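Working notes, beginning with the structure itself.
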Amino acid sequence: MEASEIHILSVGTALPGDPLDNADLARHFGMDPVWEQWVDAFVGTRARHLSVDLGTGKLRSTLADLATRAAARALEGAGVGAGDIDLVVLGTATPDQLMPATVNVVADRLGIDGVPTYQLQSGCAGAFQALDVGRQMLRTGGHRTALVIGGELCSRHYDPGVDLARLDSAELVNFVLFGDGAGAAVLTAEQVTGAPVIHRVLNRLTGLNREPGQIVEWTGALDRADADRSHIKEDYKAIEESVPVMSREIAEEILGDLGWTAADVDYLLPPQLSGRMTRRIVDGLDMPLADEITRVDTIANTGNAMPFFQLEDTLPQLAQGDRVLGISVESSKWIKAGFALEVQ
């Protein structure tokens with residue numbers, strides 16, 4: 001029998017190491033106070049957590065490490081064990097290796113076996129895609145409980161020895177925008193009082209004939225000594241122009257589909273590119289009655305982990321009748337993503 005409603009039971013997250021603030025980065029890379037002030041004023045991200053040890057250039061934790069910790073916390077929060085999970089979905093742009101898939105390493109560490117597993121290769125839309133795959137599979141009635149994971153190891157693309165002063169803006173911005181992290185949620189087809197229902201998940205490619213806003217090579221600067229090759233680039237001006245517009249379009253579409261108005265939204269989970277950009281996006285969405293849930297200023301842009309950090313902050317605050325709108329834009333090839341939740 002097909003399940004009509006899918007609920008989020010719990011969320012867990014994980015961050016590597018201690019936070020690195022902008023002063024820490026400036027000291028390591030030999031940048032002057034003016035650079036630090038520029039990051040504070042024009043990026044607006046104050047700190048991030050990195051798996052790479054900037055002093056040694058070695059990775060202290062893998063994506064599988066972070067995802068396993070986050071997933072274990074989500075399972076504990078839901079009161080379920082490995083044997084209760086019917087499927088696992090992971091969304092990431094930065095898997096640990098080509099094979100085995102990181103999702104299967106995580107499942108093995110958690111003691112999950114004999115179930116379908118899926119790994120989705122995507123940027124900031126990947127968590128929403130994973131959420132939708134888990135939701136749709138539960139709705140078929142063939143499964144009852146899903147573990148959905150999102151995470152990034154952005155610091156694989158750091159070169160701790162690079163001279164930041166010699167980088168162009170398309171590369172320099174990445175050293176302050178991104179951080180590492182992972183998050184996970186347990187979804188259920190069972191009726192659970194007080195657990196939010198997933199009403200809508202949007203995932204739509206809109207990049208036809210558009211140049212990518214971000215390019216990330218398969219391997220990063222820590223993986224091969226090719227000093228002349230840029231491993232990650234951002235067209236930040238294109239992102240600044242497009243993301244606020246696309247965010248409004250996402251909100252309008254989801255609200256229109258559900259018959260909601262902006263005033264009906266109690267909690268807004270906006271895109272988390274940077275502190276400055278998030279402020280611009282929220283102002284453009286014009287939802288003054290909604291509580292904004294933002295983490296990017298303190299943990300930076302963690303890609304597919306970020307929606308779980310936002311949900312982790314939101315879920316304990318929810319009461320009956322509350323409505324939640326989550327929005328994300330993936331700039332790599334311009335993907336619109338979003339979800340709507342309600343406590344019924």
Side-chain angles (χ1 to χ4, degrees), residues 8-17 48-52 59-78 80-113 115-135 137 145-158 178-187 216 218 220 222-223 272 295 299-313 315 328 330:
I8 297 180
L9 280 181
S10 65
V11 174
T13 62
L15 291 165
R48 71 284 299 148
H49 295 250
L50 303 179
S51 289
V52 65
L59 287 175
R60 295 171 293 193
S61 55
T62 65
L63 179 60
D65 293 335
L66 297 176
T68 301
R69 283 168 47 199
R73 290 171 180 168
L75 293 175
E76 181 180 5
V80 300
D84 299 309
I85 298 299
D86 299 313
L87 66 125
V88 186
V89 191
L90 167 66
T92 184
T94 54
D96 287 328
Q97 53 202 144
L98 281 171
M99 293 194 303
T102 303
V103 66
N104 295 326
V105 174
V106 174
D108 183 48
R109 291 183 181 183
L110 293 170
I112 297 172
D113 197 27
V115 304
T117 60
Y118 302 90
Q119 182 164 300
L120 308 178
Q121 176 78 22
S122 193
C124 293
F128 294 76
Q129 295 167 3
L131 189 68
D132 198 28
V133 169
R135 170 176 172 259
M137 290 194 68
T145 309
L147 176 62
V148 177
I149 308 168
E152 303 297 350
L153 210 67
C154 299
S155 62
R156 289 180 66 88
H157 295 274
Y158 270 70
F178 296 103
D180 299 334
V186 176
L187 311 186
V216 182
W218 184 259
L222 295 177
D223 297 303
Q272 303 280 282
R295 294 292 305 274
I299 64 171
N301 182 343
T302 57
N304 285 309
M306 183 57 78
F308 297 97
F309 283 99
Q310 291 172 292
L311 283 170
E312 185 178 45
D313 283 358
L315 261 58
S328 184
E330 181 175 330

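The structure displayed is predicted, hence computed values, not measured ones.
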Please check: side-chain N/O of [X] versus main-chain N/O of [Y], any donor-acceptor pairing under 3.5 Å?
X: H49; Y: D180; value: no
X: R156; Y: V52; value: no
X: T302; Y: G179; value: no

Exercise. Please collect all salt bridge (charged side-chain N to carboxylate O under 4.0 Å, His left out) contacts where either partner lies in residues 87-101, sequence neighbours excluded, each pair once.
Key: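 Matches after skipping sequence neighbours: none remain.
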
Practice problem: Check the side chains of T94 and E152 for a donor-acceptor pair under 3.5 angstrom, ignoring hydrogens and angles. | Solution: yes

Practice problem: Starting from the C-alpha separation in whole Å, work towards a yes-or-no answer on side-chain contact (heavy atoms from CB on, under 4.5 Å) for M137 and Y118. | Solution: CA-CA 11 Å; M137 290 194 68; Y118 302 90; 3.4 Å; yes

Of the non-hydrogen atoms in [X] and [Y], which two are nearest, and what is the gap between them?
X: E330; Y: G126; result: OE1-N, 4.3 Å
X: C154; Y: F178; result: CB-CB, 3.8 Å
X: T13; Y: R73; result: O-NH1, 2.5 Å
X: G123; Y: A93; result: CA-CB, 4.0 Å
X: Q272; Y: R295; result: OE1-N, 2.8 Å
X: I85; Y: A146; result: CD1-C, 4.5 Å

Results of side-chain hydrogen bond (donor to acceptor under 3.5 Å, both in side chains) for [X] - residues two or more places apart only:
X: Q129; answer: S122, N203
X: R109; answer: D65
X: Q119; answer: none

Practice problem: Step by step, work out the side-chain contact (heavy atoms from CB on, under 4.5 Å) result for V105 and L63. | Solution: CA-CA 10 Å; V105 174; L63 179 60; over 6 Å; no

Could you check if a side-chain atom of [X] sits within less than 4.5 angstrom of a side-chain atom of [Y], using non-hydrogen atoms only?
X: V88; Y: I112; value: yes
X: Q121; Y: P95; value: yes
X: S51; Y: T62; value: no

Self-check item: side chain to side chain contact (heavy atoms under 4.5 Å, CB included) partner of V11, the single match among L311, D313, V148
Solution: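 That would be L311; it is the only one of L311, D313, V148 passing the side chain to side chain contact (heavy atoms under 4.5 Å, CB included) with V11.
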
Report the distance from atom [atom1] of [X] to atom [atom2] of [Y], rounding to the nearest 0.5 Å.
X: F128; Y: L120; atom1: CZ; atom2: CG; answer: 13.5 Å
X: D113; Y: N104; atom1: CG; atom2: CG; answer: 9.5 Å
X: I149; Y: N304; atom1: CD1; atom2: CG; answer: 12.0 Å
X: Q97; Y: T102; atom1: CD; atom2: OG1; answer: 6.5 Å
X: Q310; Y: S328; atom1: CD; atom2: OG; answer: 8.5 Å
X: E76; Y: S10; atom1: CD; atom2: OG; answer: 9.5 Å

Exercise. Quick one: do L59 and L153 satisfy side-chain contact (heavy atoms from CB on, under 4.5 Å)? Show the steps, please.
Key: CA-CA 10 Å; L59 287 175; L153 210 67; 4.2 Å; yes

Self-check item: side-chain contact (heavy atoms from CB on, under 4.5 Å) assessment of I8 paired with L315
Solution: CA-CA 9 Å; I8 297 180; L315 261 58; 4.0 Å; yes

Self-check item: Partners passing salt bridge (charged side-chain N to carboxylate O under 4.0 Å, His left out) against D86 (at least two apart in sequence or in another chain)
Solution: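 If we apply the salt bridge (charged side-chain N to carboxylate O under 4.0 Å, His left out) test to D86, skipping adjacent residues, there are no hits.
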
Quiz item: A72: what forms a side-chain contact (heavy atoms from CB on, under 4.5 Å) with it, not counting sequence neighbours?
Solution: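 With neighbours one apart ignored, the set is L110.
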
